[in-house]
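The structure appears right after this line, and notes come after that.
Letters A, B, ... are given to chains in the order of the sequence lines, protein chains preceding strands, and every chain is numbered from 1.
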There are 2 protein chains.
Amino acid sequence: MAADDTRTAILSAAERLYAARGFADVTMRDIVAAADVNLAAVNYHFGSKDELIAELFVTRSLATNRERLNELKAAEEHGGGRSHIDAILAALVGPTLRGCLGPDKQRSDAARFMIRASIESIPPIRKIKNREVDHLKRFAAAMRRALPDHDAVDIDWTLHFALAMAHQTIRDGERLTKMSDGRCDLNDVQAIIDRIVGISVQALTGRAKARA
Amino acid sequence: MAADDTRTAILSAAERLYAARGFADVTMRDIVAAADVNLAAVNYHFGSKDELIAELFVTRSLATNRERLNELKAAEEHGGGRSHIDAILAALVGPTLRGCLGPDKQRSDAARFMIRASIESIPPIRKIKNREVDHLKRFAAAMRRALPDHDAVDIDWTLHFALAMAHQTIRDGERLTKMSDGRCDLNDVQAIIDRIVGISVQALTGRAKARA
DNA sequence: GATAGTTTCATACAAGCGTTTGAAAAGCAA
DNA sequence: TTGCTTTTCAAACGCTTGTATGAAACTATC
């Protein structure tokens, strides 16, 4: 097997297993079995388990951020340089929600891996996380441009809460389903995005947004 | 040392360490060192590590639920059998927020332990968690009584989102502080409760609630 | 096709984990 | 005190973890 094949086989197997079962439950032996490579291959290609996780996290977090910023940019171009607050918030929570809750076809291990990474704070990831703050600041800035009359503190809280709602829906959607006896539909991702965006916009502007 | 002293020393040391560092990072040797008891004492008194965690979780979850229901009951008595939606939501998110974010004096390891338990899903806890759904259903029912004209689905989503906002604020308040360059104040717990309750009520009624 | 450099492989290692053991210590009823 | 139960203790057990080793297999260059 070529060297790069082994590398990518390890990366994608690790990503898939971590996304599905979390970091604590997945051992290197699980990963190499799923990737069908030798146990020593991980240390040979990545140096250590932590460096494997770190490489995965850096790669996927750049990809997620790029996806969000693309949506943000598209929204800004469409709105002539100043996007509507709805579009900004949708760009923030949309990619991850679609990647984690959407139909199987578009579900990505990458998105679910990132959720795991944000939940189970482990040393190799904790060090890199500060970068995400800068990324969120760009969204906060866009929101301030869209709503120049609003208090920056309210905008920060709203951004924080929007992420919270998206995050918890991914993380514990099962509880919501049970609690509502199945009435809350987790399959209609766009409706969830609209709901979260609607509540967030309403929190800022005090006006209800027409439901899509 | 009397038998019960050893038991409670183990329980409170375990709770404190788990609350501070999470389940993955705390070993039995850490716990017995903090409790100043012998390593074998945990297995003697609780049977296994998992049973120790389970006992902690059951005890603390009953206490948390009792605290919430007390607040709910007080709200219902004050409102003559039908409480205001604000009071219901405050009873839901208040106890945990105060226990995790309040001034040191009233901060409780119990509340932060429960947050850990809800984040790091581990086998001994996963089995018991279904009970929480029934607990939340009582709050959903109270909300339906307070707002009889509202769609039950909207109420379930709102309850879910209120918990999400509270939970994430506890879990990742540090990121919010960094992102807002310290402008978002995590020390004023009552203001946070008001903010979460306000957004939730507004999401249901479409009207902004006067800020306290 | 010989040689040098990569990459794979089976196997072993040290360290840490939760748990068990059997004897010593403490508590207590008669 | 005597005898019995409960509780503590130091030590060790078996197992799993991430990592290291050195030989074998492969690849590519001359």
Below 4.0 Å: OP1/OP2 of [N] and any side-chain N or O of [X]:
X	N	answer
Asn38(A)	dA10(C)	yes
His45(B)	dT6(D)	no
Thr6(A)	dT7(C)	no

query: Within the modelled atom types, does a donor on one side and an acceptor on the other bring the side chain of Arg29(B) and the base of dG16(C) under 3.5 Å apart?
result: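 Absent.
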Euclidean distance, atom [atom1] of residue [X] to atom [atom2] of [N] [Å, nearest integer]:
X	N	atom1	atom2	answer
Met28(B)	dT20(C)	CE	P	10 Å
Asp30(A)	dG18(D)	CG	P	8 Å
Ile31(B)	dG18(C)	CD1	P	8 Å
Glu51(A)	dT19(D)	CD	C1'	12 Å
Ile122(A)	dG18(D)	CD1	C1'	14 Å
Lys49(A)	dA20(D)	NZ	P	15 Å
Phe23(B)	dG18(C)	CZ	P	13 Å
Asp4(B)	dG27(C)	CG	P	14 Å

task: Measure from the side chain of Thr27(B), starting at C-beta and using heavy atoms only, and say which of dG18(C), dT8(C), dA12(C) lies closest.
output: dG18(C)
query: What nucleotide among dT20(C), dG18(C), dT6(D) has an atom nearest to a side-chain atom of Tyr44(B)?
result: dT6(D)
- prompt: Does a donor on one side chain and an acceptor on the other come within less than 3.5 Å for Ser48(A) and Glu51(A)?
  reply: yes
query: More 5' along DNA chain D: Leu39(A) or Ala40(B), using each one's nearest nucleotide?
result: Ala40(B)
message: Counting only heavy atoms not in Glu174(B) (residues, nucleotides, ligands), do more than 12 fall under 6.0 Å from its CD?
response: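 Counting other residues, nucleotides and ligands, CD of Glu174(B) stays at 12 neighbours or fewer.
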field: Greater than 12 external heavy atoms within 6.0 Å of Arg138(B)'s CZ
entry: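 12 or below, so no.
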- request: Could you check whether the rings of Phe161(A) and Trp157(A) sit parallel, tilted or perpendicular, using 30° and 60° as the cut-offs?
  value: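 Rings of Phe161(A) and Trp157(A): tilted, as their planes differ by 30° to 60°.
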query: Is a side-chain N or O of Arg60(A) found less than 3.5 angstrom from the main chain of Ala110(A), in a donor-acceptor match?
result: no
